[in-house]
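What you see is a predicted model; the values in this text were computed from it and never measured. Note on naming: letters A, B, ... go to the chains in the order of the sequence lines (proteins, then strands), and numbering restarts at 1 for each one.
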Amino acid sequence: MEYQFRAIEKKWQAVWNEQKAYQVSNESDKPKFYVLDMFPYPSGAGLHVGHPLGYIASDIYSRFKRLKGFNVLHPMGYDAFGLPAEQYAIEHGVHPLKSTHGNIDNFRKQLDNIGFSYDWDREVRTCDASYYKWTQWIFLQLFNSYFDRSSAKAKSISALVSIFDTEGNSNHICPSDAQLKFTAANWKAFSEKEQQDILMQYRLAFCGYGEVNWCEVLGTVLANDEVVNGFSERGGHPVEKKRLRQWYLRITEYADRLLTGLDTIQFSDAMKEMQSNWIGKSYGAEIDFAIHNYDGALKVYTTRPDTVFGVDFMVVAPEHALIENITPDTHKASVAEYIAYVKSRSERERIAEKKITGCFTGAYVVNPFNQKLIPIWISEYVLAGYGTGAIMAVPCGDDRDFKFAQHFNIPITNIIGEAFDGIEANPTKEAVLTNSDFLNGVVQKDAIAIVNDKIEAMGIGQRKVNFRMRDAAFSRQRYWGEPFPIKWINGIAYPLSENELPLLLPEVDNYGPGPDGQGPLANIESWVSDNYETNTMPGYAGSSWYFLRYMDPHNTGAFCDRKVSDYWNQVDLYIGGTEHAVGHLLYSRLWTKVLFDLGHIGFDEPFKKLLNQGMIQGSSRFVYRKRGTHTYVSAGLIGNYEVDQLHVDVNMVDGLELDTAAFKKWKPDFVNAEFILEDGKYICGVEVEKMSKSKFNTVNPDDLVERYGADTFRMYEMFLGPVEQSKPWDTKGIEGVHRFLKKFWRMFFDEMKGKVWVDEPATAAELKILHKAIKKIEEDTERYSFNTAVSTFMICINELYDLGCHKKEVLSQVLILLTPYAPHFAEELWKVLGNEGLVINAAYPLFEAKYVLETSKEYPISINGKVRTNIAIALDATEAQVHEIVLGSEAVQKWIEGKEIKKLIFVKGKMVNIVL
RNA sequence: GCCCUGGUGGUGGAACUGGUAGACACGCAGGACUUAAAAUCCUGUGGGCCGCAACGCCCGUGCGGGUUCGAUUCCCGCCUGGGGCACCA
């Protein structure tokens with residue numbers, strides 16, 4: 001009987017399906033384990049071999065935990081709202097729902113091919129009304145909450161209203177506008193509109209005007225993490241700053257908790273680093289500099305108060321509110337001209353050019369410590385949105401300030417002696433201060449606290465923590481997203497009540513933008529006359545909480561029953577790529593914290609452990625065309641010709657050798673191709689690049705499953721290398737894994753003799769091999785080292801094969817070990833051996849040390865650190881006995897040759913080293 | 001510029017806490033079986049030296065130093081691939 005992998009795989013997939021073998025219950029005596037994949041956006045391109053890498057790893061781990069006796073939740077779904085489907089709709093007039101469903105069906109087929117153990121009854125799609133009803137519901141929780149700073153928790157907005165009623169806002173600084181102050185009496189006197197406008201400035205989901213990333217081509221606003229160097233992440237279109245009415249999430253209030261929460265979860269250092277950089281917490285001080293001949297002060301933010309005696313000028317952002325008031329008439333014209341110039345430049349031009357520009361206002365501040373007059377400049381390198389939009393410039397210590405001073409010939413004060421060479425700024429904190437009055441002789445980092453104390457004592461400033469992170473833009477001027485459950489009446493946002501949800505996404509005639517930068521929903525008369533919000537939510541809305549819905553996907557009364565979320569609790573293992581570091585992974589952490597604060601769930605970090613799979617890169621192949629001809633030159637010979645390099649489909653190349661017949665058929669251009677060969681072969685060029693259709697280096701998993709089977713494919717993806725590492729795809733090596741499975745198969749069936757497995761007791765040698773494998777494979781799987789686990793299978797089978805082992809007792813156990821990796825193969829042979837039930841429900845073999853005990857060991861004997869020979873010594877030998885045996889050995893004597901032995905190091909069970 | 005990662009044979013990689021570097025595969029070379037091919041099996045395979053071979057020796061984990069009886073592993077300085085952030089004061 002031959003190993004007919006395709007027949008076996010289809011057969012068992014049908015059986016598992018029929019028996020609902022992967023259905024998971026929310027009630028069980030077993031310990032729970034939650035393994036989650038980052039659900040895919042179902043694009044039209046389908047899966048390539050890079051996508052399933054993480055899915056296979058998570059599937060292996062889930063199946064492993066299941067065999068180990070856990071109740072394992074392992075669901076899958078689709079992140080189905082989003083831009084590409086809508087762009088497709090605009091271009092082809094196809095409803096996004098229709099193309100999305102088509103893509104999902106295709107994804108599902110591809111996923112099913114690989115034999116995953118998902119509980120498909122729990123599938124979620126973010127675009128289903130039954131799902132986005134709850135996305136809207138959670139939005140309302142955010143809308144109806146504010147962040148109470150004293151307890152650092154979200155609380156109901158109605159609680160805030162009662163506080164305002166009794167004490168005004170004196171104990172609750174407005175996060176949007178710290179200047180806003182009112183008493184209880186004021187509050188009661190406000191109109192409804194005024195009250196609501198104030199509350200809006202406290203809500204966790206709020207609407208306001210702000211500078212946003214506007215993408216003209218996409219016709220929508222984008223979040224900061226969706227913009228890369230001034231271009232949209234999707235599509236690469238230019239992005240401009242624009243002032244628009246937008247919804248936001250007040251994520252900045254959670255900055256501290258998002259930061260400290262990182263200590264409680266297992267993310268890679270790189271991932272934590274990315275998140276904390278994004279949050280960008282910095283400790284500094286705000287200092288008021290009195291403005292000369294003007295009643296007022298310029299407030300600056302600095303992390304380096306120690307350098308206050310080195311301030312040579314101040315710089316304010318071009319948008320700074322004080323400019324108009326402090327600029328004397330003599331300078332009004334040049335300031336106006338400069339501001340006009342800044343406005344004429346786009347965000348991208350500023351970033352790309354990095355020109356030093358600026359303008360003197362004609363105004364001065366007074367340094368509070370030495371009464372020196374300091375000129376106030378305007379420059380675009382100071383950002384209005386960070387700190388106070390104004391800085392104190394210290395050219396000897398800051399590179400940008402130094403360059404600015406040089407460019408405008410501003411004299412530089414040196415306060416760090418020889419640490420400053422006059423050629424470039426030195427940002428050190430270790431230098432001893434000079435020219436700094438009461439700070440002279442103090443090391444800079446110690447001076448920070450001294451100055452901070454002083455400014456607080458003088459009442460001209462205070463310590464201040466700043467965050468780089470901005471509130472997250474939460475609305476899109478698009479069609480294909482969740483509608484906001486909000487009605488606007490007389491400029492007041494009224495939330496829908498819970499029983500009005502879901503607010504269904506209406507049908508539109510065209511997907512183009514509405515008037516005045518509004519979304520397509522603004523084109524619908526009834527929608528507008530019902531006063532509904534015309535924006536929709538961004539792509540990250542649905543993905544911020546999907547892991548909760550899997551727990552209780554059919555609940556119509558709640559997003560997830562509290563008892564159920566208490567049972568499943570955090571995701572124990574979350575697998576996905578690093579590309580979501582500052583988007584999805586930050587937003588879902590935020591939503592979890594808010595839901596926790598409001599008492600809807602019992603944990604405030606969603607993911608206990610995150611494993612990032614590496615990217616599988618494409619290995620591109622090239623042909624070389626002699627310029628202006630149809631002649632193609634083999635890679636080894638191109639030095640002799642002037643050639644152009646062309647991508648060729650990697651699937652037409654065997655290793656490096658091009659299938660020239662297939663190439664001619666590939667595209668009409670190549671029909672008449674002629675080849676200059678080397679050794680009768682056309683050899684292609686190779687380069688590792690990102691896997692993409694346009695580079696013809698994608699490999700479809702379906703093809704490999706068809707040729708080698710799902711089990712081979714699964715094991716090969718793991719065998720490629722550590723999951724976390726990026727590596728190029730190379731189909732060639734898949735043969736090795738396939739050979740392994742065929743070899744394993746032959747331990748059950750021989751081509752000539754048929755059935756060869758036997759029901760005989762195992763020998764000590766066989767049990768030793770088995771238990772060595774149990775230990776290693778269990779440990780490797782547990783630490784996600786799937787590649788070494790696969791090689792351990794190979795070693796185990798090679799050794800058993802060499803012993804001629806065909807025993808059911810041994811083989812059954814190995815099959816269980818293999819189940820997470822090659823489930824179809826294991827299931828088939830499990831049945832063949834006549835075992836009861838399904839192998840996917842078997843109990844994981846128990847490692848027993850007694851089978852692998854050794855009595856002696858081949859010790860490597862090194863002399864001065866170099867291994868010279870091996871000697872077998874009993875493991876229970878005493879150190880004295882070892883000395884005797886080693887020194888008595890002929891091979892060792894030869895090396896010692898009468899030299900004096902300084903030392904003999906014996907590490908039991910490891911090695912012996914003789915030092916001469 | 002700053003931060004995080006990685007650098008080991010022709011290739012993918014192994015060596016988990018300092019203890020026989022190159023496991024397991026791919027590829028390649030040779031051989032067996034076969035009319036032939038596929039499949040399968042066996043042998044060899046880091047580089048170099050002693051004429052071949054055995055035995056053996058030297059070198060070798062990006063480069064240069066250091067700690068140690070012993071370093072791919074720890075420390076210092078550099079080179080380099082990949083990723084992230086980038087006027088954040």
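Straight-line distance between the C1' atoms of B/rG18 and B/rC59: roughly 22 Å, to the nearest whole Å. Across the C1' atoms, B/rG10 and B/rC4 are found 31 Å apart, a figure rounded to whole Å. Remark: the separation of the C1' atoms in B/rC28 and B/rU35 is 28 Å, to the nearest Å. Taking the P atom of each, B/rG47 and B/rA29 are spaced 16 Å apart, rounded to whole Å. Comparing B/rA89 with B/rG65, their C1' atoms are spaced 39 Å from each other, to the whole Å. Separating the C1' atom of B/rG9 from that of B/rU5 is a span of 24 Å, rounded to the nearest Å. Look at the C1' atom in both B/rG62 and B/rG6: the space between them is 11 Å, to the nearest Å. Taking atom C1' on both B/rU20 and B/rC26, the two are 25 Å apart, rounded to the nearest angstrom.
Other residues, nucleotides and ligands contribute more than 12 heavy atoms inside 6.0 Å of the NZ atom of A/K743. Summarising the local packing, NZ of A/K403 is surrounded by 12 or fewer heavy atoms from other residues, nucleotides or ligands at distances under 6.0 Å.
Look at A/E735 and A/R707 and you find no salt bridge, because none of the NZ, NE, NH1 or NH2 atoms lies under 4.0 Å from a carboxylate O.
Looking only at side-chain heavy atoms (C-beta outward), A/V886 and A/I873 come within less than 4.5 Å of each other. A 4.5 Å side-chain heavy-atom check between A/M691 and A/V49 finds at least one atom pair inside the cut-off. For the pair A/S862 and A/V867, the minimum side-chain heavy-atom distance is below 4.5 Å.
No close placement of the A/F793 and A/F744 rings is indicated, their centers lying 6.0 Å or farther apart. Ring-centre distance between A/F313 and A/F404: below the 6.0 Å cut-off.
When the ring-ring contact (aromatic ring centres under 6.0 Å, His included) test is applied to A/F740, no partner is found at least two apart in sequence or on another chain. The side chain to side chain contact (heavy atoms under 4.5 Å, CB included) test applied to A/N466 returns A/S282, A/Y301, A/Y386, A/K464, not counting sequence neighbours. Residues forming a ring-ring contact (aromatic ring centres under 6.0 Å, His included) with A/F369 (at least two apart in sequence, or on another chain): A/F309, A/F438. In this structure, A/K742 has no side-chain hydrogen bond (donor to acceptor under 3.5 Å, both in side chains) partners at least two apart in sequence or on a different chain. Under the rule for a side-chain hydrogen bond (donor to acceptor under 3.5 Å, both in side chains), the partners of A/R783 that lie at least two apart in sequence or sit in another chain are A/D780. Looking at residues two or more places apart in sequence or on another chain, you find a side chain to side chain contact (heavy atoms under 4.5 Å, CB included) between A/K445 and A/K429, A/E430, A/V443.
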Tabulate atom names and distances for all N/O pairs under 3.5 angstrom spanning the protein and nucleotides 27-33 of chain B.
none

Measure all distances between protein nitrogen or oxygen atoms and nitrogen or oxygen atoms of nucleotides 1-8 of chain B, and list the pairs falling under 3.5 Å.
unit_1 : atom_1 : unit_2 : atom_2 : d
B/rC3  : O2'    : A/E273 : OE2    : 2.5

Would you tabulate the pairs of protein nitrogen or oxygen atoms and nucleotide nitrogen or oxygen atoms of nucleotides 54-58 of chain B closer than 3.5 angstrom?
unit_1 : atom_1 : unit_2 : atom_2 : d
B/rC58 : OP1    : A/R868 : NH2    : 3.4
B/rC58 : OP2    : A/R868 : NH1    : 3.1

Please tabulate, one pair per line, each protein N/O and nucleotide N/O from nucleotides 77-81 of chain B that are separated by under 3.5 Å, including the distance.
none

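Look at A/K742 and you'll find a side-chain N or O under 4.0 angstrom from OP1 or OP2 of B/rU40. The phosphate of B/rA23 (OP1 or OP2) has no side-chain N or O of A/N798 nearer than 4.0 angstrom.
Between the side chains of A/N913 and A/K903, no donor N or O sits under 3.5 Å from an acceptor N or O. A donor and an acceptor atom, one from each side chain of A/E380 and A/T357, are located under 3.5 Å apart.
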Nucleotide-resolved protein contact map, nucleotides 11-22 of chain B, B/S/- at heavy-atom distance under 4.0 Å: -BSSSB--BB--
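Heavy-atom distances to RNA chain B give each of A/M274 and A/F467 a nearest nucleotide, and the one nearer the 5′ end belongs to A/M274.
In this structure, B/rG9 shows a glycosidic angle within 90 degrees of zero, which is the syn conformation.
Secondary-structure stems of RNA chain B, taken as three or more successive Watson-Crick or G-U wobble pairs (i with j, i+1 with j-1) under a 3.5 Å distance threshold, comprise B:1-7 with B:79-85, B:10-12 with B:24-26, B:27-32 with B:40-45, B:46-49 with B:56-59, B:62-66 with B:74-78.
Side-chain atoms of A/D471 come within 3.5 Å of backbone atoms of A/I251 as a donor-acceptor pair (strictly under, hydrogens ignored).
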